[in-house]
A.B. asks: 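I'd like to ask you about the structure that follows.
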Number of protein chains: 2
Amino acid sequence: MSLKHAILVLLDKKPGSGYDLAQRFGGGIGNFWNATHQQVYQELKKLSADKLVEFEVHTQAERPDKKVYQITSAGRTTLKAWLKQPIKLARINSTLLVKIYAAHLADPVELDKELAQHIANHEQKLLEFAEMERLYFSADAATRRKQRMPYLTLRSGIRYEWTWIEWMKEVKQLLADDALPEKPMMELLAAAAKIKP
Amino acid sequence: MSLKHAILVLLDKKPGSGYDLAQRFGGGIGNFWNATHQQVYQELKKLSADKLVEFEVHTQAERPDKKVYQITSAGRTTLKAWLKQPIKLARINSTLLVKIYAAHLADPVELDKELAQHIANHEQKLLEFAEMERLYFSADAATRRKQRMPYLTLRSGIRYEWTWIEWMKEVKQLLADDALPEKPMMELLAAAAKIKP
DNA sequence: TACTAATATGCAAACATTTGCATAGGAAGT
DNA sequence: ACTTCCTATGCAAATGTTTGCATATTAGTA
């Protein structure tokens, strides 16, 4: 039920049309909250009915008219109230893990191919994140300070992709070798953590 | 659309009632695929109508009657066909990241408390996973081999919780100190990876 | 004695998401 | 000339998920 709040967050940062918001869900915030354009339009209608956002129609000569939405003060109040409430645990639904769980029923060659594809996809994503991070660090101190919360979410994305890739590579290798992991994951992670600081 | 397949996977491993399946979604597979009992019952009805599962009513003297479901050969065919198809990327929806993204609107003290709570929850989860891993490694080689795919999903869970906890601790610390990260995440991870092998 | 938890199933309504379609003009490539 | 992409919005239907309620028995606890 937080599509509503994600939209309010975006509109709080900057007003925009449904189309604009849909674009923004395709990048940046889209890395941790996804929404399609239909969802956005439907939600904007509801938010508008609840007076949490309002819009003005901008007539454009060379483009279709657009409705530029902005958050209302009631919307900002709702948003702040939401931020106060503790969130309930997200439910995790990972199709890939279900597949791995049932891998004994699958064709090993095809599974290997699929893992390779996933690894490639996530490496691509990681590369994009790395570039975004490079950009962040090349900005001046004031910009970095202003952008720090979005940057922290980027760090989460980088960690996530990195971990996920490591795991998929491990699984791919173990399946190819028909081997079992030698050491407990907890030991490996604890050892790595000791070296780091 | 994989609740269907998750149920088929579970029934392929072992027949059971709706209630049994709901319990199994509460642990084990529940760490990467969640389903409530209502979802399970509704889906079993559909699967039954499609002849992908079948059931027998087991009358019990001291407990309510139960319908024990098992996968049919059509169900197994469907499941195998599903395993062959590449999966589409999961959409990520993380309420916590939306909150962090919008943290400038939140009360710092409350946000800190919420982060602390989340860290505690995930540390608890990690502890449970560590115990499950300990159990896996204390089993004999034959059992370990048989359980290897579920164990690989457990490794994913351990990595996931570990990474998530690290990130939340980092954010909590940075917010408390009103500081910015010093080094790019990519550098830190690359450095850690070089030491490890 | 009353409440609470566990076993066991399910309906109905509300809510959210996905898919397919529909419109319409301008820009840019083939 | 034709197709495709981008901007811009939206309806309708199907599908999927969540919430609230409802039932029934047994066992254990306060």
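In what follows, chains carry the letters A, B, and so on, assigned in the order in which the sequence lines appear, proteins first and then strands, with residues in each chain numbered from 1. Values below: every heavy atom of this structure, side chains too, minus hydrogens, waters and symmetry copies.
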A.B. asks: Can you tell me the distance, in whole Å, between the CD atom of B/Gln23 and the P atom of C/dA5?
C.D. replies: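 It is 15 Å, rounded to the nearest whole Å.
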A.B. asks: Starting at atom CG of B/Asn34, determine the distance to atom P of D/dT17, rounded to an integer number of angstrom.
C.D. replies: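 Interatomic distance, CG of B/Asn34 to P of D/dT17: 11 Å.
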A.B. asks: Cationic tip of A/Lys146 within the cone over A/Tyr151's six-membered ring, i.e. under 6.0 Å and within 45° of the normal?
C.D. replies: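 Checked: cation-pi criterion not met.
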A.B. asks: Could you tell me if B/Lys99 sits above the aromatic ring of A/Trp82, with its cationic atom closer than 6.0 Å to the ring centre and no more than 45 degrees from the axis?
C.D. replies: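 Output yes; distance and angle both within limits.
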A.B. asks: If I take atom CD1 in residue A/Ile7 and atom P in nucleotide C/dA16, what distance separates them, rounded to the nearest angstrom?
C.D. replies: 12 Å
A.B. asks: To the nearest angstrom, how far is B/Trp33 atom CH2 from D/dG16 atom P?
C.D. replies: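 Rounding to the nearest Å, CH2 of B/Trp33 and P of D/dG16 are 11 Å apart.
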A.B. asks: Could you tell me how far apart B/Lys66 (NZ) and D/dA24 (C1') are, to the nearest whole angstrom?
C.D. replies: 16 Å
A.B. asks: How close or far is atom P of D/dG10 from atom CG of A/Leu21, stated in whole angstroms?
C.D. replies: 12 Å
A.B. asks: Without decimals, in angstroms, what is the distance between A/His58 NE2 and D/dT9 P?
C.D. replies: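 To the nearest whole Å, that distance equals 11 Å.
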A.B. asks: At under 4.0 Å, does any side-chain N or O of A/Lys88 touch on OP1 or OP2 of D/dT19?
C.D. replies: yes
A.B. asks: Which residues, if any, of residues 36-48 of chain B bring a heavy atom under 4.0 Å of DNA chain D?
C.D. replies: B/Gln38, B/Gln39, B/Gln42, B/Lys46
A.B. asks: Apply salt bridge (Lys or Arg N to Asp or Glu O under 4.0 Å) to A/Arg155 and B/Glu170, showing your working.
C.D. replies: CA-CA 10 Å; A/Arg155 276 174 94 88; B/Glu170 181 186 43; 2.6 Å; yes
A.B. asks: Over 60° means perpendicular and under 30° means parallel, so tell me whether B/Tyr41 and B/His37 are parallel, tilted or perpendicular.
C.D. replies: perpendicular
A.B. asks: Quick check on B/Lys169: does its NZ atom have over 12 non-hydrogen neighbours (other residues, nucleotides or ligands) under 6.0 Å away?
C.D. replies: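 At most 12 heavy atoms, drawn from other residues, nucleotides or ligands, come within 6.0 Å of this atom.
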A.B. asks: How close or far is atom C1' of D/dT9 from atom CG of A/Asp65, stated in whole angstroms?
C.D. replies: 10 Å
A.B. asks: Considering just the side-chain nitrogens and oxygens of B/Tyr19, establish if one lies under 4.0 Å of OP1 or OP2 belonging to C/dT9.
C.D. replies: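 Checking C/dT9 against B/Tyr19, no side-chain N or O comes under 4.0 Å of OP1 or OP2.
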A.B. asks: Could you tell me whether B/Lys183 sits above the aromatic face of A/Phe137, with NZ or CZ closer than 6.0 angstrom to the six-membered ring centre and within 45 degrees of the axis?
C.D. replies: no
